[in-house]
Amino acid sequence: MKFFTGRVVKRAILLFSCLLLLLASVCCAKDYDQLFTDANDAMAQGDLPAAIALLKKVEFEKGDESGAFVRSRMQIARLQFALKDMEQASSAAKEVLAVYPDNSEALNFLASVKQEQTPRYQVFIQDCLRFLPQLLKGAVMTITLVVCIILISPIGGLLIALGRISTFKPVSGLCWFFIWLFRGTPLLLQLFFIYYGLPSLGITFKPFTAAILGLGLNYSAYLGEIIRGGIQSIEHGQMEAAKAIGMSYWQAMRRVIIPQTYKRLMPPIGNEFIALIKDTALVSTIAMVELMRSADQMFNAYFNVTALILAALIYLLFTTIFTFVFEKIEVRAGIYENR
């Protein structure tokens, strides 16, 4: 009987001890909840040192399922970071790692602190080295598009200009309609129609083909009007003189009229091709991975404005080179007029 009574007493004492520990942990958790509430109130009032002092009262306890200690130390780390005290911020994060070495939040925070302490020029250089390879791949695609359009659109523009000034009304009307359509609608809409709209009619193009087609048609329309204006700016007597010596209409156009338009056409055509470099950014909307799309993808992935700055610098480099080249061509085309 005594043995039975002793066992009951021991179990009662053990149960009572467990209840005391449970009550203590509950009270402690409530106190910590109050500490976090007071710390939030202090932060709302802008008193960050007071909030830090309150959060430091949270101590580490084994079996802390609520994660109060980790929460408090990481909040302290963020507040110290806001106060630009990187040493104390790192110290708070390291307290967490001393207990939980694999805590990803603390590890990522220390990496952010290290990056913040790195000089800005070093960060910029690192970002450039990280972004440039992908941007240069996109730049190659941009230049490929520009070169293709430079080869295609002048030929298309010349044919449209000749058709526009033709005395054969159906051809002249068709060329007028072409110019009216492609100059009167946005280039982006034209690209969307070619890539997304034509498949509903059973006509499907790959992104590169759709980009070449859209840009080629649009710039052919603009160049057609520019070339037409250049041709009609030549005195009518030039054509009459060419016919007087036995030339046909097409011989006169090829040997007399068109060669005289070169100097007059260079400035507006140069402007169009410089604008073309920037307009290639629109093909990023039809899944073409060129310079603008590459920059946009990296900015969305890293939220780093350096990618956009580098893309802008590459565009400026391209436009500068093209401006210089067309100025030289303009001088060369007018070499005989300048004598």
Side-chain angles (χ1 to χ4, degrees), residues 21-22 24-138 289 292-313:
L21 289 173
L22 181 61
S25 64
V26 170
C27 292
C28 183
K30 289 182 179 178
D31 290 341
Y32 286 163
D33 288 341
Q34 186 60 45
L35 279 174
F36 282 114
T37 301
D38 295 341
N40 288 333
D41 292 340
M43 283 187 286
Q45 295 172 6
D47 191 357
L48 300 187
I52 292 171
L54 289 168
L55 291 169
K56 283 183 177 179
K57 294 180 180 180
V58 179
E59 299 178 354
F60 173 71
E61 295 180 0
K62 291 184 178 181
D64 181 14
E65 296 180 358
S66 64
F69 178 77
V70 174
R71 285 172 53 203
S72 66
R73 291 309 181 268
M74 291 310 303
Q75 187 62 44
I76 290 171
R78 286 187 286 270
L79 292 175
Q80 295 287 12
F81 188 90
L83 293 171
K84 303 299 182 182
D85 190 345
M86 300 303 168
E87 185 176 351
Q88 292 297 325
S90 299
S91 178
K94 288 176 181 177
E95 287 187 52
V96 175
L97 293 176
V99 182
Y100 303 106
D102 298 327
N103 186 276
S104 59
E105 185 179 6
L107 290 171
N108 291 334
F109 182 83
L110 286 177
S112 299
V113 170
K114 183 178 179 181
Q115 184 175 6
E116 183 67 20
Q117 292 175 318
T118 304
R120 292 295 180 186
Y121 74 91
Q122 290 186 10
V123 174
F124 181 74
I125 292 173
Q126 292 171 1
D127 291 339
C128 289
L129 294 175
R130 178 172 49 172
F131 296 144
L132 266 178
Q134 189 64 31
L135 287 174
L136 291 176
K137 289 182 181 178
V289 183
M292 185 61 218
R293 188 173 180 87
S294 298
D296 183 59
Q297 287 175 343
M298 283 184 288
F299 179 74
N300 291 331
Y302 298 100
F303 297 100
N304 192 325
V305 73
T306 304
L308 301 181
I309 293 173
L310 290 174
L313 292 175

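Heavy-atom minimum distance, Pro101 versus Leu107: O-CD1, 4.2 Å. Nearest heavy-atom pair, Pro133 versus Arg130, reported as atom, atom and distance to 0.1 Å: CD-O, 3.9 Å. The minimum heavy-atom distance between Ser90 and Val113, with the atom names listed, is OG-CG1, 3.3 Å. In terms of heavy-atom proximity, Leu135 sits nearest to Ala307 at CD1-O, 3.9 Å. Annotation for Gly138 and Ser294: closest pair CA-OG, 3.7 Å, computed over non-hydrogen atoms. The minimum heavy-atom distance between Ala39 and Ala51, with the atom names listed, is O-CB, 3.6 Å.
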Got a list of side-chain donor-acceptor pairs under 3.5 Å for residues 73-88, not counting sequence neighbours?
{"residue": "Arg73", "atom": "NE", "partner": "Glu95", "partner atom": "OE1", "Å": "2.9"}
{"residue": "Arg73", "atom": "NH1", "partner": "Leu55", "partner atom": "O", "Å": "3.2"}
{"residue": "Arg73", "atom": "NH1", "partner": "Val58", "partner atom": "O", "Å": "3.1"}
{"residue": "Arg73", "atom": "NH2", "partner": "Val58", "partner atom": "O", "Å": "3.0"}
{"residue": "Gln75", "atom": "OE1", "partner": "Arg78", "partner atom": "NH2", "Å": "3.3"}
{"residue": "Arg78", "atom": "NH1", "partner": "Glu105", "partner atom": "OE2", "Å": "2.8"}
{"residue": "Asp85", "atom": "OD1", "partner": "Gln88", "partner atom": "N", "Å": "3.3"}

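Listed by chain and number, the residues in a side-chain hydrogen bond (donor to acceptor under 3.5 Å, both in side chains) with Asp38 are Gln34 (sequence neighbours excluded). Listed by chain and residue number, nothing satisfies the ring pair (Phe, Tyr, Trp, His ring centres under 6.0 Å) test with Phe299 (two or more places apart in sequence, or in another chain).
Ser72 contributes atom OG, which lies 13.0 Å from atom NZ of Lys57 (distance to the nearest 0.5 angstrom). Expressed to the nearest 0.5 Å, how far NZ of Lys114 lies from CZ of Phe109 amounts to 15.0 Å. The distance from atom CE of Met298 to atom OG1 of Thr306, rounded to the nearest 0.5 Å, is 10.5 Å. The distance from atom CG of Leu313 to atom CG of Leu308, rounded to the nearest 0.5 Å, is 11.0 Å.
When atom types are taken as modelled, the side chain of Asp296 and the backbone of Met292 share no donor-acceptor pair closer than 3.5 angstrom.
Residues Phe131 and Asn304 are in side-chain contact: their nearest non-hydrogen atoms beyond the backbone lie under 4.5 Å apart.
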